[in-house]
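Each ligand, and each atom within it, is numbered from 1 in the order the structure gives. These numbers were taken from a predicted model, which means no experiment stands behind them.
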Amino acid sequence: MTISESKDLTFECETGNYHTFCPISCVAWLYQKIEDSFFLVIGTKTCGYFLQNSMGVMIFAEPRYAMAELEEGDISAQLNDYEELKRLCLQIKRDRNPSVIVWIGTCTTEIIKMDLEGMAPKLESEIGIPIVVARANGLDYAFTQGEDTVLAAMAQRCPSVSTSEINQKESNKFSSLFNFAQKKIQSNEQKLNLVDHQPLVLFGSLPDPVVTQLNLELQKQGITVSGWLPAKRYMELPIIKEGNYVCGVHPFLSRTATTLMRRRKCKLISAPFPIGPDGTRAWIEKICLSLGIEPKGLEEREQQIWDSLTDYLNLVRGKSVFFMGDNLLEVSLARFLIRCGMIVHEIGIPYMDKRYQAAELNLLEETCRKMGTAMPRIVEKPDNYNQIQRIQQLKPDLVITGMAQANPLEARGINTKWSVEFTFAQIHGFSNARDILELVTRPLRRKGNLRELGWNTLIE
Ligand code: SF4
C-alpha cells in the first residue's frame, strides 16, 4: 500500500469499523452543565455498563442520571411502556425535583420502535415537568453527537418571548422602575462601548469559566452575547427570536445548527471554531463581520498567545501526527497543530458535515498553504484495521486515538494520546491553547524522559 500526498484536501470514506464512545455518554457532561436537569437513559444493561465504566469516579457522586433498564416484558410489549415511564418519572420528581427530565433514546428503543416522542408530551402535562426527548443512540451517532441531539431538542424549547415582555404586556405598573433599570444597563453598556446589534445566541456546552472567557472576548469587540444554549439552568434557556444570529462553538453541532435555522428561523454564522488562537481569532472576526462590527486588536492578541507558547512549539515543530478519529473535534485540532508546525498525515472523523464545517475546512486549507505542508487526507467513518496498517507504514510521532488502541500502539513503540481527553479538557478560546499543547506534548515529553531506559518497543 502506498500513501500519496495531495495538494488539495481529499475526502475519503471507509467502512465505519472504528472505536468511539456511545453518544449516551453526553449525559456525563450535560447533567453537570445543566444544573437543574435529570437524564433518564432508556436502554438495556449494555448501556448501563458502558456509562458506569466510562464515567469513572463520577459515578460515586450521586449523578443526576439514571437508567430505565428495559426488561423482557418491555421488549415483548407485555408491559405498558407509558405506565412504566410514568412511574419512574414520578419517582425522579419526588426524589430530585428537576426542572426538566431528558429522555435519552438508545439502540433498543429504536429497534423496538418505542414511541418516546409520542409519549413525552402526554406524560409532561400529566406530571408537570418538561420532558425533552433525544435519540442519542449508537446506531446513528458517535460520541459527541449525543450533545448535538440533546441541544437540537432543547433548541425547540427555547422561549421566543421574554418573561419581562409578558409581564410588561400584563401591566405597566412598574414601568418607571423598569426604565430606571434600563438606564442603568445602558450606562453600563456605554462604559463597555457595547455596540447596538442584532441579538446573538451561542450554542454548545462549555464549562462556565470558558463561557465567561468567550463572553469577555466578544465584549471587547463591543458584542453582547444574549444567551447560551445550553444555559446553566434549564429555566434560563436563551430567548430565540426569528432573525437572531446564532453561532456554534463545537464542530459536532450540525443538527442543532440546522434546527436553529430551519425551525427557529435564525441566521447561522458559519465560522471556524474557537480552538487554538488562530481559530479563536477567526471565530471572533467572523462574528464581528456578520454583525457589521470592525474587529480590533485581534492580530496582536493572537500574536501574544503564540509568543507565550514558544516552549511548546519548539517541542512539536516538525513532528507528525495521525488522528484515528472518534470525537469530531479532529479537523479543528489538526488545523491548530498544523499552525503549530506539525505535519498531519490523516484526519479520521466519524462524520463530516461539509456545510457546517465549511469555514473550518477553508481555514485548514489556508493554514496548510501558509505553513507549506501537504494537505492531510480526511477519512470519514474510518476503518481502524486499515488505519493501523497506515500507521505502521507512516510511523507518525504521535497517534491521537481511543483507549482500545493506545496501549497496543505504545507497546509497539508508537506514541499515543488518548483522544477523549480533548473532549473534557478546556480547549476553547485564546488562553486555553496552552492546555491543548500540554495534552499533545505530554507523550512526547514522557518519551524524552524515558528514552535512556531503552525499552521503547516491547512487542516485535
Ligand atoms: S451503542 Fe446502543 S446499546 Fe450500546 S451503549 Fe450505546 S445506546 Fe446502548
With sequence neighbours excluded, residues passing salt bridge (charged side-chain N to carboxylate O under 4.0 Å, His left out) with Lys354: none
Hey, can you pull the donor-acceptor pairs under 3.5 Å for the side chains in residues 19-32, sequence neighbours left out?
from  : atom 1 : to     : atom 2 : distance (Å)
Thr20 : OG1    : Asp326 : O      : 2.8
Ser25 : OG     : Cys22  : O      : 2.7
Trp29 : NE1    : Glu147 : OE1    : 2.7

message: Using modelled atom types and a 3.5 Å cut-off, is there a donor and acceptor pairing between side-chain atoms of Thr106 and backbone atoms of Ile42?
response: yes
message: I want to check a possible cation-pi pair here: Lys381 against Tyr18, using under 6.0 Å from ring centre and within 45° of the ring axis as the test.
response: no
field: Under 2.8 Å from atom 8 (Fe) of ligand 1 - protein N/O/S, by chain and number
entry: Cys47 SG
task: Using the test salt bridge (charged side-chain N to carboxylate O under 4.0 Å, His left out), find all partners of Arg135 that sit at least two apart in sequence or belong to another chain.
output: Glu110, Glu117
field: Derivation of the side-chain hydrogen bond (donor to acceptor under 3.5 Å, both in side chains) call for Arg262 and Thr258
entry: CA-CA 6 Å; Arg262 299 219 179 119; Thr258 314; 5.6 Å; no
